[in-house]
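Down below is the structure, laid out as structure tokens.
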Amino acid sequence: MSRRLLVTAALPYANGPIHIGHLVEYLQTDIWVRFQKLRGHRCLYICADDTHGTAIMIRARKEGRSELDLIAEMSESHQRDFAGFGIEFDHYGSTHSDENQAICGEFWQALRSQDLVVERIVQQLFDPEAETFLADRFVRGTCPKCGRTDQAGDNCTCGHTYAPTDLIDPISTLSGATPVLKEAPHLFVQLEKLHGFLQEWVATSGALQSETANYLQGHFLAEELRDWDVSRPAPYFGFEIPDSPGNYWYVWFDAPIGYIASTQQWCQRNGEQLADWWKSDDCEVHHFIGKDITYFHTLFWPGMLKTAGYSLPTKVHIHGFLNVNGTKMSKRDGTLVKAETFLKHVDPKALRYFYASKLSSRVEDLDLSISEFVDKVNSDLVGKVVNLASRVGKFAHRTGLSDSYPEDGGLFAKAAAQGEAIAEAYEQCEYARAMRLIMELADAANPFVEHARPWEMNKDESRQDELRDVCTVALNLFRQLAVYLAPVLPSLADSCGELLGDKLVSWDQSQTPLVGSSVGKFTRMMDRVQIEDLEKMIEESKVEAAADAEATGLATPTFQDSDQPLKDEPLADEITIDDFMKVDLRVARVITAEQVPEANKLLKLTLGLGGDETRQVFAGIKAAYDPDQLVGRMVVMVANLKPRKMRFGMSEGMVAASGPGGADVFILSVDEGALPGQRVH
RNA sequence: GGGGCUGUAGCUCAGUUGGUUAGAGCUGGGAACUCAUAAUUCCUAGGUCGCGGGUUCAAGUCCUGCCAGCCCUACCA
């Protein structure tokens with residue numbers, strides 16, 4: 001039975017380029033949509049740029065151009081990046097559209113008429129120079145708790161959280177001006193009035209993974225829901241609220257409505273009715289989002305939809321974040337790779353497959369390990385799948401396909417029977433499982449060719465029919481894999497369709513072998529991924545990040561440090577925290593320091609660890625330090641080093657210092673406040 | 001501190017309602033083959049299934065207590 005599905009991915013913010021972290025979501029969604037279409041369902045993939053808010057306004061101002069100019073450029077670059085990865089939207093809109101403004105008005109009316117909106121005065125920091133209210137992240141200052149300077153507006157590295165108004169010496173990051181406290185009326189949605197509905201929906205709709213439902217019930221639904229502040233005073237880039245001049249809808253109010261507005265634009269172009277997609281029980285609505293925006297899509301958004309009379313999400317699919325090589329992506333490490341940069345170095349097919357092989361239906365972070373990426377893509381896709389076609393391609397071009405499907409030991413039938421299990425895995429967003437099932441089939445296909453030895457048949461005039469049969473089996477098994485992989489690798493499906501002169505458009509094509517047709521000239525469908533390319537990509541990302549940082553002027557100054565020290569002494573093997581904890585580093589005070597006349601390099605130190613605890617240490621720093629200048633200062637020592645007998649006495653530890661030696665030795669210092677005996681963690 | 005998830009071969013993971021000698025791929029070792037992108041095929045090595053208790057005729061699988069890692073929270077949304 002054919003279903004009707006409306007699918008969205010979260011709207012990317014028009015404040016920056018698409019990077020590989022974003023792509024997890026757009027690819028996850030694209031794969032799901034392509035799968036649904038392949039299965040013959042009516043499915044729309046809707047997205048748009050999220051264009052409003054202070055950040056866009058500030059950036060446009062900084063770049064000396066209009067917001068419209070900025071968001072137009074961003075939209076274009078986003079769409080170019082998505083296209084580069086084969087992400088195919090049915091419609092890509094913008095939240096800054098007439099349709100969105102109109103539908104926002106409709107939602108607003110619904111909220112008003114159901115008496116869910118209240119006005120309250122809010123005190124907020126205001127930048128008098130930039131003439132704008134400041135969100136927490138635009139304020140920095142001194143932590144009121146511990147006194148650290150230059151801390152974020154809502155929390156300090158010391159762990160304390162506070163309101164930006166609590167900061168000592170607050171500074172606006174926009175202008176550097178000192179913000180002042182200013183009052184403004186804000187409009188709030190009283191979400192609590194929808195508590196009963198939301199409770200019910202979260203618990204029983206089946207739209208949420210159980211982990212998410214539990215989380216919401218434990219954290220938010222367990223108590224009174226707070227009013228949601230949905231307005232921002234001018235100046236603000238967005239839509240002015242019709243019945244509240246000078247106030248604008250908060251970006252998170254109009255962003256999800258953008259899903260509907262973008263659908264509306266598609267409807268207008270295709271002569272369809274919006275109600276058939278957004279107000280029909282026959283249409284499923286699926287949202288794909290990251291775990292960071294769970295809250296907006298599982299409480300506010302259903303509340304808004306309910307109030308305005310639109311369909312509630314059938315399912316909110318929530319995914320985790322992307323790590324690279326086991327750690328958070330970082331600009332500095334070059335692991336926050338822009339989509340555009342990726343495309344310069346690596347085949348997008350590789351990323352599509354790799355993500356698919358890692359994704360499940362759970363809210364779990366996934367890891368892109370560079371070496372795993374290379375191994376997996378090369379051995380699975382190139383070594384197993386593409387190779388299957390590649391190894392018989394030349395013969396098949398000459399022989400064509402047999403008129404009836406030959407005996408293959410049940411391989412095709414078995415793989416056809418697996419189709420439903422694979423489809424089910426796709427449907428459940430268990431792509432990793434789907435990929436595993438498909439690769440099992442690929443693993444069974446290559447031995448067939450191997451044992452049939454077509455290269456021997458090729459040399460024997462009388463065995464051309466046999467050869468054709470082998471090619472027929474191999475190419476049909478390949479074609480079957482191409483169908484199963486089509487949601488993930490549409491371009492491979494295209495290559496396969498072209499080779500066999502039969503376009504792959506339906507899942508059902510995996511169930512019946514293709515026979516009796518000619519085979520085109522084989523051309524390479526995919527190249528192996530080289531680890532060097534990945535390395536170059538990371539390297540280029542680092543350079544870009546440094547350039548960006550310089551351009552925005554916000555980043556830390558760049559230092560021209562030589563790479564010689566690292567070359568002289570490369571990084572040691574990785575250790576665990578346990579290994580590190582074996583080394584007991586302590587802060588110590590130099591109590592005495594004296595020359596050892598017979599020694600060439602050594603000074604004799606007495607280090608105090610507080611109280612009466614002292615250690616005698618011989619340190620090779622004679623050429624670099626005078627004893628007198630050391631007495632009284634704090635150093636870091638290795639305190640649990642096995643004592644060693646030296647010519648001049650026992651040495652009971654080491655003083656931590658860097659440098660090649662001789663006069664170039666630099667003792668580690670500790671910041672003011674450290675006490676002798678404290679351990680270094 | 002609270003909540004959740006995970007812990008199976010060197011690596012990435014599978015192990016359905018508890019049931020015969022715990023599996024796959026990659027990597028490693030050996031061999032074969034040459035059609036294919038140093039691809040492929042065959043053989044082989046490698047695991048006290050995090051640790052300790054318990055239930056059971058039987059536990060990787062259920063219960064319980066620890067330990068480790070990750071994620072979310074910490075009165076912000």
Side-chain angles (χ1 to χ4, degrees), chain A residues 135-137 152-155 159-164 191 209-220 222-223 225-230 250 252 291-296 298-300 318-321 323 326-328 354 357-358 360 362-369 371-398 421 425 430 432-433 435-459 467 470-471 474 478 522-530 576-578:
Chain A
D136 293 0
R137 66 178 184 285
D154 54 351
N155 73 86
H160 287 284
T161 57
Y162 40 76
L191 213 57
Q209 291 116 306
S210 60
E211 54 203 291
T212 305
N214 292 339
Y215 158 74
L216 292 171
Q217 299 195 66
H219 283 265
F220 299 102
E223 45 198 82
L225 293 165
R226 284 164 215 211
D227 293 348
W228 181 35
D229 185 352
V230 293
Y250 175 45
W252 263 110
K291 64 182 180 183
D292 51 328
I293 54 177
T294 296
Y295 182 88
F296 295 98
T298 55
L299 294 178
F300 294 150
I318 306 174
H319 62 78
F321 293 155
N323 289 324
T327 51
K328 238 166 123 172
F354 184 78
S357 78
K358 285 273 168 185
S360 77
R362 301 171 53 177
V363 189
E364 268 178 346
D365 291 354
L366 58 147
D367 186 37
L368 193 168
S369 141
S371 55
E372 194 192 339
F373 178 90
V374 173
D375 287 350
K376 191 161 234 157
V377 168
N378 287 347
S379 72
D380 288 359
L381 287 188
V382 183
K384 288 174 190 168
V385 178
V386 172
N387 184 237
L388 195 59
S390 177
R391 64 191 311 188
V392 298
K394 208 164 50 181
F395 307 144
H397 180 49
R398 203 179 66 235
E430 294 287 352
R433 172 193 294 273
M435 295 309 106
R436 205 171 54 242
L437 291 171
I438 295 169
M439 285 311 139
E440 278 174 21
L441 304 180
D443 278 329
N446 268 303
F448 172 84
V449 180
E450 191 80 13
H451 298 313
R453 308 176 151 268
W455 54 94
E456 287 177 5
M457 300 168 182
N458 184 48
K459 290 171 189 155
L467 177 60
V470 172
C471 292
F478 168 70
F522 180 83
T523 49
R524 217 171 235 262
M525 294 176 179
M526 182 168 182
D527 288 309
R528 304 175 77 74
V529 177
Q530 305 297 328
T576 65
I577 184 82
D578 296 333

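Naming convention: chains lettered A, B, ... in sequence-line order (proteins, then strands); numbering from 1 in each chain. As the structure is a prediction and not an experimental result, all values here were calculated from the model.
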message: Check the orientation of Trp228(A) and Tyr250(A). Use parallel for under 30°, tilted for 30 to 60°, and perpendicular for over 60°.
response: perpendicular
- line: Residues passing the side-chain hydrogen bond (donor to acceptor under 3.5 Å, both in side chains) test with Asn323(A), sequence neighbours excluded, are none
statement: note: Phe300(A), atom CZ; A77(B), atom P; distance rounded to Å ~ 9 Å
message: Expressed as a whole number of angstroms, how long is the span from Leu225(A):CG to C75(B):P?
response: 18 Å
message: Is there a side-chain contact between Phe448(A) and Val470(A) in this structure, where contact means two heavy atoms from C-beta onward sitting under 4.5 Å apart?
response: yes
task: For Glu430(A), enumerate each residue passing the side-chain hydrogen bond (donor to acceptor under 3.5 Å, both in side chains) test, keeping only those at least two apart in sequence or located in another chain.
output: Ser361(A)
- prompt: Any side-chain heavy-atom pair from Val382(A) and Asn387(A) closer than 4.5 angstrom?
  reply: no
Non-hydrogen side-chain atoms of Lys291(A) and Tyr215(A) separated by less than 4.5 Å: no
- prompt: Looking at residues at least two apart in the chain, or sitting in another chain, which of them share a salt bridge (charged side-chain N to carboxylate O under 4.0 Å, His left out) with Asp367(A)?
  reply: none
task: Could you state the atom-to-atom distance from CD of Glu440(A) to C1' of G15(B) in whole Å?
output: 12 Å
query: Whole-Å distance between G2(B) C1' and Glu223(A) CD?
result: 13 Å
- request: Tell me, please, which residues at least two apart from Ala442(A) pass side chain to side chain contact (heavy atoms under 4.5 Å, CB included).
  value: Lys384(A), Val385(A), Met439(A), Leu481(A)
- prompt: Residues two or more places apart in sequence or in another chain: which of them pass salt bridge (charged side-chain N to carboxylate O under 4.0 Å, His left out) with Lys358(A)?
  reply: Glu372(A)
- request: Please work out whether the ring planes of Phe296(A) and Trp252(A) are parallel, tilted or perpendicular, with thresholds of 30° and 60°.
  value: parallel
field: Summary of salt bridge (Lys or Arg N to Asp or Glu O under 4.0 Å) pairs that have at least one residue in residues 445-455 of chain A, sequence neighbours excluded
entry: Arg391(A)-Glu450(A), Arg453(A)-Glu456(A)
What does the list of N/O pairs under 3.5 Å between the protein and nucleotides 12-14 of chain B look like, with a distance for each?
| unit_1 | atom_1 | unit_2 | atom_2 | d |
| --- | --- | --- | --- | --- |
| U12(B) | O3' | Lys358(A) | NZ | 3.2 |
| U12(B) | O2' | Glu372(A) | OE2 | 3.4 |

What's touching nucleotides 70-73 of chain B from the protein side, N or O pairs under 3.5 Å?
| unit_1 | atom_1 | unit_2 | atom_2 | d |
| --- | --- | --- | --- | --- |
| C71(B) | O3' | Lys291(A) | NZ | 3.0 |
| C71(B) | O2' | Lys291(A) | NZ | 3.4 |

task: Dot-bracket for RNA chain B, please, read 5' to 3', with Watson-Crick or G-U wobble pairs under 3.5 Å on both distances, ( ) within the strand, [ ] crossing, | other strand, . unpaired.
output: (((((((..((((.....[...)))).(((((.......))))).....(((((..]....))))))))))))....
- prompt: Under the ring pair (Phe, Tyr, Trp, His ring centres under 6.0 Å) test, which residues partner Trp455(A), sequence neighbours left out?
  reply: none
field: Separation of G69(B) P from Glu364(A) CD (nearest whole Å)
entry: 18 Å
statement: Atom CZ of Arg226(A) and atom P of C75(B) are separated, to the nearest Å, by 10 Å
- prompt: Just by protein heavy atoms under 4.0 Å, how would nucleotides 29-40 of chain B read 5' to 3' in B, S and -?
  reply: ----SSBBB-SB
query: With sequence neighbours left out, what residues match Glu211(A) under side-chain hydrogen bond (donor to acceptor under 3.5 Å, both in side chains)?
result: none
statement: Taken to the nearest whole Å, CD/Glu211(A) to P/G4(B) is 12 Å
